[in-house]
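First the structure, in the form of structure tokens, and then the observations on it.
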Amino acid sequence: MNFKKVLTIYKKEIKDSIRNKRVLYSTIIVPLVILPIFVNVPQMIAQKSSEKAKFRPSNVMLSGFRIPGFFEQFARSDLINLTIANDPVKALKKGKIDLYVRIVSKDPPEVEIYFNPLSETSKIALSRAKLLIETFRGYAGENFATRRVKIVTNSVISNREMKGVLTGITLGFLLIFGVLTGGIAPGVDTVAGEKERKTLIVLLSLPVSKRDILTGKLLLVATISFISSVLILVGIFGLNLLFFRSPGGINDFSILGLSISLRDFFIVFFLMLIYILLASSVILIASSYARSYREAQNYMTPIIILIAVPLLFTQVLTNLYLPDWVFYLPGVNIMMVLREALTMGILERHLLLTVVSLVISLYIAVKILFRVFERSILRV
Amino acid sequence: MGVIEVRNLHKSYGRTKALNGISFELREGEVFALLGPNGAGKTTTIFIILGLLQADEGDVFVDGEKVSPGKYEYRKKIGAVLEENGIYERLKVRESLQFWGEIYGLSNQEIRRRIEELSEELGIDFLEKRGSELSRGMRQKGSLARALLPHPPILILDEPTDGLDVPARETFKKIVRKERENGKSILYSTHIMAEVEEIADRIAIIHKGNIVTSGTLQELQEKYGEKKLEKIFIRAIGYEL
């Protein structure tokens with residue numbers, strides 16, 4: 001081996017690569033700036049909201065037997081804001097209150113504390129309330145001061161809901177990741193690859209419209225993405241069948257020990273189909289814009305970031321009841337709808353927002369795709 | 001009116017003028033050669049005829065029908081062999097031909113029949129081979145088979161023998177002559193003078209986006225007082241030795 005020549009070639013390649021903006025983008029800007037932003041920002045948001053919660057007074061509802069001084073103990077605290085709710089458990093689930101304390105017995109003194117383990121503010125309220133109760137000294141006359149208040153803590157989130165929240169995020173992420181991993185290779189090949197192999201220009205010279213060609217290609221990418229997602233489900237269901245039983249009989253599917261109704265299953269399925277078409281369109285936009293297979297591959301890193309990274313923000317969405325804005329974000333909304341399907345059932349309002357958001361996004365993506373494809377013909 | 005009428009075509013790529021008011025017609029049953037060096041504007045003209053590019057100015061009529069954006073049905077009358085052979089690497093030649101036949105709207109039965117006829121006519125004994133296994137000559141044959149598959153009345157051949165070895169070129173020319181005998185109108189674009197001398201009925205010399213001269217070989221010989229097309233070409237484009 002002639003190391004001098006190897007070095008010469010190596011130096012030329014380095015120079016060539018340094019002058020290639022796409023290489024610079026994927027090797028420096030993406031790992032150094034973009035990925036850290038997307039990974040750290042959700043954590044920063046979570047941390048900030050947790051820190052904010054530490055200084056914010058907790059909304060606590062007290063009810064039950066009246067123990068002299070007990071309510072006052074809470075009312076005196078700057079960190080507690082006493083409040084009331086018609087249905088405290090539901091209010092707690094929705095995040096309208098942070099804690100519900102019920103005095104179930106005066107003598108011996110006993111309280112039940114209801115909290116939401118999915119909410120950081122609720123967990124902070126729990127620790128504040130415990131400290132107040134443990135340091136509570138009642139009227140000596142009632143011999144209360146010497147007696148320790150028995151505390152029973154209850155979670156308002158059932159095991160099923162807890163599991164559903166976590167599984168919904170994981171499963172949704174896997175499904176959407178499946179769409180991407182399945183769609184990228186055929187998406188790059190079917191337009192950019194065909195341009196490079198000069199088969200697209202010949203196809204365009206035949207008696208067929210560009211619209212028909214592109215629709216056929218879009219369906220190809222969508223089909224492979226769909227198969228990829230289905231295979232992920234098959235894998236998960238396969239394992240599931242081996243280890244879990246469906247509690248709902250033939251009308252229910254069971255995912256990792258959680259059941260999902262047939263209705264909700266088909267809703268998620270339908271939403272996934274729209275999402276698959278949307279992701280396939282986005283992949284094909286990049287593929288149509290690129291002059292070559294390699295160029296199209298370079299565009300895929302930002303595409304993955306664009307599609308998959310917003311899903312990381314779901315880390316901070318741990319509440320059972322979610323704000324509406326979440327359902328405007330394509331991809332994130334499917335994950336959240338799946339989560340609802342696995343916990344309390346899909347809420348109609350959220351379903352409507354998700355469908356509208358996905359359909360509008362798909363319409364815009366397809367419009368852009370046809371325009372980019374039309375213009376890119378000149379770039380063949 | 002010719003089967004293809006090209007009127008005053010102008011086309012620029014940025015500041016570069018590719019076509020500067022080209023006009024010609026392809027008459028029924030003739031071989032019309034567009035002769036010019038690389039970059040003269042031959043492929044741009046063909047791309048505009050096929051609707052792959054839009055002219056900045058001027059019109060193209062195919063069989064009396066004006067070519068305009070969004071129109072593609074007129075291409076059923078055209079079989080084209082472009083510089084790019086368009087052979088699918090991962091498909092067998094038979095599968096590629098089947099696909100193209102379906103695009104032309106032929107029935108399965110008709111496609112099968114045409115594949116058998118063409119494989120015999122063009123000597124295609126590699127129907128079961130994949131595109132990636134084919135030589136340049138085989139690919140060009142496959143490309144010609146695509147063009148002939150729907151029995152189109154018009155053939156457009158853009159540098160069809162480029163890169164082929166001598167026997168393959170001879171076969172190709174033989175096929176072109178046969179297709180002309182069958183009544184097809186053929187637009188033949190090339191930079192190879194000898195081919196034009198052998199097979200063209202009329203010739204247009206294209207240079208820097210202009211047709212500098214046109215006519216039968218005999219007319220051009222008389223006009224320039226030269227016998228060889230090569231000399232005529234040099235004089236027509238004003239090249240000084």
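Order of the sequence lines fixes the chain letters, A, B, ..., with proteins taken first and strands second; residue numbering starts at 1 for each chain.
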Toward chain A, the part of [X] with a non-hydrogen atom under 4.5 Å:
X       : value
B:Glu83 : neither
B:Tyr74 : neither
B:Ile87 : backbone

- Query: Hey, which residues of residues 121-137 of chain B are touching chain A, say heavy atoms under 4.5 Å apart?
  - Reply: none
- Interface residues of residues 92-118 of chain B facing chain A - heavy atom cut-off under 4.5 Å: B:Phe99, B:Trp100, B:Ile103, B:Tyr104
- Would one find more than 12 heavy atoms of other residues, nucleotides or ligands at under 6.0 Å from atom NZ of A:Lys367? no
Closer than 3.5 angstrom, by distance alone: can the side chain of [X] be matched with the main-chain N or O of [Y] as a donor-acceptor pair?
X        : Y        : result
B:Thr45  : B:Gly41  : yes
B:Ser143 : B:Arg139 : no
A:Ser288 : A:Val372 : no
A:Ser229 : A:Gly178 : no
A:Lys210 : A:Glu374 : no

- Message: Heavy-atom pairs under 4.5 Å with chain A - which of B:Arg75, B:Lys77, B:Glu84 has more of them than the others?
- Response: B:Arg75
- Item | Donor-acceptor side-chain pairing of A:Lys217 and A:Thr190 below 3.5 angstrom | yes
- Item | ring-ring contact (aromatic ring centres under 6.0 Å, His included) against A:Phe269, all qualifying residues, sequence neighbours excluded | A:Phe226
- Hits for ring-ring contact (aromatic ring centres under 6.0 Å, His included) against B:Phe32, two or more places apart or cross-chain, chain-then-number order -> B:Phe24
- Residue among B:Ile186, B:Ile78, B:Leu187, B:Ile175 satisfying side chain to side chain contact (heavy atoms under 4.5 Å, CB included) with B:Leu155: B:Ile186
- Message: Are the side chains of B:Asn38 and B:Glu159 in contact, using a 4.5 Å heavy-atom criterion?
- Response: yes
